Amino acid sequence: VSSEIESQGEPARVSVAVNGRQVTADVEPRLLLSDFLRHRIGLTGTHVGCEHGVCGACTVLIDGTAQRSCLVFALQVDGAEVRTVEGLAAPSGELHPVQRAFADEHGLQCGFCTPGFVMSAVALLEGDRQPGEDELLDVLSGHLCRCTGYRGIVRAVRLAQHRMAGQARTETES
Amino acid sequence: MTAGPYTGRAVPRVEDERLLRGEGQFVDDLVSAGAYEVAFLRSEQAHARIVRLDTSLAKAMPGVVAVLDGRDLADELEPMVFGIARIVPETISETGTVSSRVHPMPALPPERVTYVGQPLVMVIAHSRSQAEDALELIEVDWEPLPALVCPEEASVRTDVLVEPAWEDNVALRADVSTGDVDAAFAQAAVVVEETFRSHRYIGSPIETRGVLARFEPADRSLTVWASTQVPHQLRDFLSGALAMEPAAIRVAAPDVGGGFGVKGSIYPEDLLVPYAARHLRSAVKWTEDRSEHLAATTHGRDQVHRIALAADADGHLLAVRDRIIHNCGAFHTLGLVVPYNTIAHLLGPYRVPNAAISLRAVVTNTGVVAPYRGAGRPEAVFAMERAMDRLARKLGMDAVELRARNLIRPDEMPYATGLVYRDGFRQVYDSGDYPELLARARVLVDEGEARARETERRRVGIGYAAYVEGTGVGPFESAVLRIGADGVVRLATGASSQGQSHRTTLAQVVADAVGVSFESVEVVGGDTAAIGTGFGTIASRSLVVAGNAAAHAGRVLRGQILDLAAHLLEADPGDLDFVDGRITVRGTSRTLSLAEVAAALSPFHARRPPGIGSELRADSTNVPGPVTYAAGVHAAVVEVDTVTGVVHVRRFIVAHDCGRIVNPAVVEGQILGGVVQGIGGALYEELQYDEQGQLTTGSFLDYLLPTVSESPEVRIAHVDTPTRLNPLGVKGLGEGGAIGPPAAIANAVEDALRHLDVVVRRCPLTPDRVRGLIAAAAGEADRGEHPAPAATGGRAS
């Protein structure tokens with residue numbers, strides 16, 4: 001009995017920037033990043049749908065890359081920058097173009113899977129290159145939605161891509 | 001009733017912004033100070049006697065607060081029985097006999113487990129990880145008992161009893177008929193008879209179930225937040241089970257991440273978590289994980305039909321005979337609901353003068369089967385629409401032409417089927433244009449374009465499925481509408497939302513009924529503290545039942561506002577116009593905004609009329625009459641790769657009648673979501689048990705939900721026929737999309753393989769299964785038709 005408990009390991013320190021705010025905490029080695037975000041620092045916008053890396057609802061950005069926070073231990077993000085759905089809107093409160101597009105294209109119903117889709121779309125569209133249709137569908141295929149039938153989601157990401165590209169052009173020209 | 005300015009418009013959803021910011025409040029997001037957390041030990045056996053259960057080591061683990069099993073609860077909690085299990089409308093006896101046993105379900109079984117995943121021991125600890133650690137130390141000695149998995153086998157075995165209090169495994173018997181079926185078959189020119197199976201799959205919303213309960217010792221009250229579709233039913237159930245006054249219990253469904261029927265049942269955990277909160281005088285929380293969900297949340301479908309159609313030489317249906325076995329799983333909890341839905345929807349949109357339908361619902365050592373999007377209808381449609389295609393083939397007739405000849409015409413409405421619906425009313429289709437639905441679907445299929453792509457290897461198939469759906473079932477739904485001095489019109493309704501956009505669509509309905517702007521209406525659903533009575537969001541009923549309750553309350557509140565405005569404007573209420581939140585004395589410039597009128601409700605308003613309270617309020621309870629019939633024709637265009645067996649759905653067509661549309665974007669979203677779930681059932685999703693009753697598809701690694709890559713182009717046509725059965729003219733919408741796809745896709749695959757003369761008897765049409773069909777047709781009979789691992793009832797196929 002005791003060996004099993006000891007195998008969980010002593011708490012260790014993790015220091016991570018979450019949405020631009022530095023967080024330091026002592027955590028059990030087995031604590032998942034998803035549980036750390038949700039239950040230790042109260043960022044419940046990241047949702048947990050399967051806890052085995054299939055549904056994609058828990059996707060967050062770790063150093064700019066979309067990853068499933070249920071497949072990452074909190075200790076693994078020590079020194080990293082983590083971005084969650086709560087960190088997308090501008091300081092003014094204005095929604096990120098991806099968030100805005102999901103509302104405009106009826107890209108969500110119950111909203112539970114939505115943060116995961118949104119984070120993956122942000123990672124895809126904030127990069128330098130323009131993803132083609134196949135890449136876009138490939139990325140979205142890493143997520144499960146049970147409400148929408150996906151049409152609104154695809155439309156939303158295309159719309160966000162269009163708007164963000166337009167915005168980037170405007171910024172370049174000015 | 002004429003539609004106002006908001007009805008029929010794709011008003012943007014008021015729900016979205018919070019959810020997009022990550023500010024949704026789902027049950028697992030809620031924080032209750034000091035809440036304990038729960039983990040369940042679940043049965044690893046399909047059928048076994050508990051010889052020894054030792055929880056002493058678990059109780060000694062760090063952080064563990066309590067460990068409860070069935071022996072602890074035997075004197076505390078009665079086995080669970082739901083009121084609906086007792087209801088068999090007397091009028092059904094006019095068409096035959098229906099009897100249904102009441103089957104009590106222990107929250108935790110004290111002596112015997114009857115399915116894999118059944119909750120057995122509840123561990124309560126300071127954290128979920130501590131509770132899960134303790135589960136590892138619980139010792140159970142089992143005496144395994146023979147497990148019944150196959151429903152056909154369960155229907156005839158009496159030596160093995162899933163419920164030992166019964167003499168057999170049959171939970172429900174129904175034999176209903178209309179006309180003279182034997183005579184019709186005797187004179188038929190053509191008869192087809194075949195066996196079709198609707199396999200077992202699951203709603204599987206992305207948010208699993210969850211319950212948080214907090215007991216307040218100070219006033220002995222209980223607050224329960226649950227991911228449920230039926231908060232009021234849960235409140236009333238807990239009141240009985242825990243012997244507490246309903247007023248001492250508040251149940252709230254906060255944001256709920258999809259339901260699809262599976263959160264419309266009340267579960268052992270829904271009772272156990274509140275019980276534990278009271279027992280420990282604290283707060284207790286449980287969140288289901290996905291493996292628990294696939295094993296222990298209710299499953300859907302699982303029926304076998306032996307169906308026969310009789311027709312004359314021109315293809316006119318003379319009679320339908322169907323013998324159905326329905327698999328209840330381990331407990332028969334909801335009476336007639338799913339089995340009788342199947343009976344009442346079997347004949348579909350067709351003119352069938354004679355029908356005899358018998359059904360046996362049996363218990364087996366598998367997970368509990370209960371409503372899942374369609375709730376008995378997809379099963380009926382799969383049998384009937386597959387049989388229609390077999391009949392067309394036998395007649396040498398085009399499958400669309402056969403359907404067209406048999407569809408009930410608009411001039412035959414209202415049309416009585418000769419059966420009685422589950423609500424006890426005679427079954428009468430109230431409205432609809434079924435031939436137009438079929439014609440519109442056929443245009444969108446674009447058959448010429450589809451067939452032109454056929455090659456030797458890539459076979460093109462087209463399949464149709466037509467259905468009707470009784471929607472807006474009772475018993476009632478409630479609405480309370482109020483306006484106070486702040487000028488906000490607040491609607492509370494018993495119909496909670498799991499993503500259906502009620503806060504938007506019901507606000508549209510209310511805004512139009514009252515005559516105010518959409519922005520001035522707020523909707524609260526799913527909280528027994530906000531409204532005392534309610535029934536819930538199930539069975540494609542909310543817009544019909546709650547929507548009309550809200551509209552009625554809106555008309556009453558409008559009158560009250562006009563009376564108040566008349567006082568302020570010193571005019572007769574009949575001389576006032578009230579449009580979009582502004583009230584004007586007709587033909588004058590004397591006018592007040594809604595805000596100005598509402599301000600008079602303030603106790604300190606100078607012109608406050610005598611005798612008026614601080615708010616205006618209208619209560620409405622809608623007790624609907626017979627259901628109204630939505631309908632649809634679905635069509636699938638598929639391409640079958642005859643080498644790999646892969647079925648590619650190139651496009652899917654939905655011609656649909658949901659009555660008057662309130663919000664077209666929401667309608668489209670509901671249809672698309674339902675269609676993709678139906679495609680999942682047709683091609684990918686199956687809950688499989690092996691012969692020992694072990695669930696072999698217990699995670700998303702082997703239970704496959706469709707992704708965007710499996711979601712085809714969906715073409716939608718509306719042939720909406722507003723009903724006269726309710727003032728809004730609306731019909732239910734939520735389930736229709738999921739009803740047709742398995743039948744339409746199976747028909748399309750059989751059409752694609754017509755050169756091989758295969759018969760598709762079941763789904764999902766996985767590559768393995770399709771290759772099996774092709775191989776069997778090619779004479780490699782030893783592969784059989786079902787090369788997939790032994791599935792639920794696989795041996796009967």
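Here the structure is a predicted model, which means the values were calculated and not measured. The chains referred to below are lettered A, B, ... by the order of the sequence lines, with proteins before strands, and numbering in each begins at 1. Basis for what follows: all heavy atoms, side chains included, without hydrogens, waters or symmetry-related copies.
Counting heavy atoms from C-beta on, the side chains of A/H143 and B/V708 never come closer than 4.5 Å. The shortest distance between side-chain heavy atoms of A/Q109 and B/E15 does not fall below 4.5 Å. Residues B/T707 and A/L140 fail the side-chain proximity criterion, which asks for heavy atoms closer than 4.5 Å.
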Hey, mind stepping through A/H39 and B/D28 against side chain to side chain contact (heavy atoms under 4.5 Å, CB included) and telling me if it holds? CA-CA 9 Å; A/H39 301 308; B/D28 192 54; 3.5 Å; yes
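Only the side chain of B/F26 comes within less than 4.5 Å of a heavy atom in chain A; its backbone stays farther off. At a 4.5 Å heavy-atom cutoff, the contact between B/S699 and chain A is made by backbone and side-chain atoms alike. The part of B/V256 that comes within reach of chain A is its backbone (N, CA, C, O), which places non-hydrogen atoms under 4.5 angstrom from that chain. Heavy-atom distances place the side chain of B/S711, and not its backbone, under 4.5 Å from chain A. Neither the backbone nor the side chain of B/P12 comes within contact range of chain A; no heavy atom of the residue lies under 4.5 Å from a heavy atom of that chain. Interface remark: A/V85 contributes backbone and side-chain atoms alike to the contact with chain B (heavy atom separation under 4.5 Å). Proximity to chain A involves both the backbone and the side chain of B/D29, based on heavy atoms less than 4.5 angstrom apart. At a 4.5 Å heavy-atom cutoff, B/I679 makes no contact with chain A through either its backbone or its side chain.
Per-residue counts of heavy-atom pairs under 4.5 Å with chain B were compared for A/E86, A/H52, A/Q99; the largest is that of A/H52. Between chain B and the residues A/G45, A/C50, A/S141, the largest count of heavy-atom pairs under 4.5 Å involves A/S141. Comparing A/D138, A/L144, A/L88, A/D104 by how many heavy-atom pairs each has under 4.5 Å with chain B, the most go to A/L144. Per-residue heavy-atom pair counts under 4.5 Å with chain A were compared for B/Q670, B/E668, B/E17, and the maximum is reached by B/E668. For the set A/T148, A/V154, A/L108, the count of heavy-atom pairs under 4.5 angstrom toward chain B peaks at A/L108. Residue with the most contacts toward chain A among B/E207, B/E288, B/E710: B/E207 (heavy-atom pairs, distance under 4.5 Å).
Panel note: side chain B/R13, backbone A/H106; no donor-acceptor pair is recorded below 3.5 Å. The closest donor-acceptor contact from the side chain of A/R151 to the backbone of B/V714 lies under 3.5 Å.
A distance of 13.0 Å separates CZ in A/F117 from CG in B/L20, rounded to the nearest 0.5 Å.
For A/Q76, the CD atom counts as densely surrounded, since its 6.0 Å shell holds more than 12 non-hydrogen atoms of other residues, nucleotides or ligands. Within a 6.0 Å sphere centred on NE2 of A/H162, heavy atoms belonging to other residues, nucleotides or ligands number 12 at most. Other residues, nucleotides and ligands place more than 12 heavy atoms under 6.0 Å from the CZ atom of B/R21. The neighbour count for A/E133 CD, taken as heavy atoms of other residues, nucleotides or ligands under 6.0 Å away, is above 12.
Here the shortest heavy-atom pairing between B/I206 and A/A57 reads CG2-CB, 4.3 Å. Nearest heavy-atom pair across B/L19 and A/C110 is CD1-O, 3.7 Å. Closest of all the heavy-atom pairs between A/R30 and B/S129 is NH2-CB, 3.4 Å. Of all heavy-atom pairs spanning B/P706 and A/R146, the tightest one is CD-NH1, 4.0 Å.
A salt bridge does not link B/R128 with A/E51: none of the charged nitrogens is closer than 4.0 Å to a carboxylate oxygen.
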